[in-house]
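Each ligand, and each atom within it, is numbered from 1 in the order the structure gives. Keep in mind that what you see is a predicted model, and the values were worked out from it rather than measured.
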Amino acid sequence: MEKLVSSWGNNVKALPHNYIFPPELRPGNNLKILFTTNIPVIDLRELENHHHRFQTIQKIIKASEEFGFFQVINHGVDINLMKETRKVMKELFEMGDEYKQKLYSEDPLKPCRLYTSRPTYATDDNLHLWRDSFIHPCHPLDQWQHLWPQNPTKHREYVGACSVEVKKLASRILRLISEGAGLEIEYFEKGGLSGSMLVSLNHYPACPEPSLTLGVSKHSDPNLITILLQDYVSGLQVLHNGQWIAVEPLPDAFLVNVGFQLQIISNGRLQCCDHRVVTNSSDARTTAAFFVAPLDDSFIEPAQAFIDKYHPPLFKSFKYKDFRSYYIAEKGDTEVVMESFLA
Ligand code: OGA
Ligand code: NI
């Protein structure tokens, strides 16, 4: 597969010209930033201790307001399941070219497919990202699982089991956010607001010239909330107060980030935050991003709980599918997207 970066092996000694970003968008020296400002790490076991429950919920709210990102540990998902899922994800990208060719598609309407760079590869300009991705819907599981790859042989089993656990974790976090922010506890379970989930298995092979390219360029997630399973290799950076900060990879943790819809529903109180992925020259990195999203026809607007005389609605009302199409058409440009959904 000549387009897939995971098929190039270690033979590429220099970046092809269409992977070299313009100087102002390159990570350059920002590649080596240390974990100076840490994304908050929140221990969910503390919720069981009634002395610490309130404080823990407040930590989630504060992290969502300040960073739009936090990591959760002791989250209840089996660590061994996480490990096996990571293993099977890596295997997928190590499959032979012939098999990967069968999974590969540039048709954006195909729900389960392997692609490279961006989902819109076929219509993209000539600047590509250093990553391959396999995407498929994963909720409700029985509606989709039979369409998933049959190889690696454990893919359906582990990615399926992990999806179920991650969806439960996402619902739990959304309930905690509701509780902490003063929304009805089941707010996100109604109106299809968290009715769908898509997983993107991202593979960023070791890269010969990481300072010149990106695995994912600067963006915010268009959905409600994202739960990321990472391994030991760092690569994710978050734009915080105008500076890129590196997210420390904690393999037993899940990274949680606020999507556009959560920012809009909370009337701007919780922030979705721009992030990107840098590559490195020694290790491949594989992640699974679980995107919890509203159903296409769900109606999105700032919740009444966030609106009063002093806080008028900052955003319009719309159907989720209209937001999504606009996001894709504008290539996820945060400023342009935000601007056009302002009230
Ligand atoms: C994404 C994303 C981060 C990562 O897929 O939207 O931000 O580390 N991924 O793979
Ligand atoms: Ni993202």
(message) Quiz question: by atom type and distance under 3.5 Å, do the side chains of Ser6 and Lys100 form a donor-acceptor pair?
(response) yes
(request) Compute whether any side-chain donor of one residue and acceptor of the other, for Ser105 and Asp107, lie under 3.5 angstrom apart. (result) no
(message) Between Gln145 and Arg156, do the side chains contain a donor N or O and an acceptor N or O under 3.5 Å apart?
(response) no
(message) With rounding to 10 degrees, what does the angle His275:NE2 / the Ni ion (ligand 2) / Asp221:OD1 come to?
(response) 90°
(message) Ignoring hydrogens and geometry beyond distance, is a side-chain donor-acceptor pair present between Thr226 and Asn223 at under 3.5 Å?
(response) yes
Are there any N/O pairs under 3.5 Å between ligand 1 and the protein, and if so, what are their distances?
unit_1   : atom_1 : unit_2 : atom_2 : d
ligand 1 : 6 (O)  : His219 : NE2    : 3.0
ligand 1 : 6 (O)  : Asp221 : OD1    : 3.3
ligand 1 : 7 (O)  : His219 : NE2    : 3.3
ligand 1 : 7 (O)  : His275 : NE2    : 3.0
ligand 1 : 8 (O)  : Arg285 : NH1    : 3.0
ligand 1 : 8 (O)  : Arg285 : NH2    : 2.9
ligand 1 : 10 (O) : Asn202 : ND2    : 3.4
ligand 1 : 10 (O) : Tyr204 : OH     : 2.7
ligand 1 : 10 (O) : Thr287 : OG1    : 2.7

(request) Classify the angle between the aromatic ring planes of Trp130 and Tyr19 as parallel (below 30°), tilted (30 to 60°) or perpendicular (above 60°). (result) perpendicular
(request) Would you check if there is a donor-acceptor pair between the side chains of Gln230 and Arg86 at a distance under 3.5 Å? (result) no
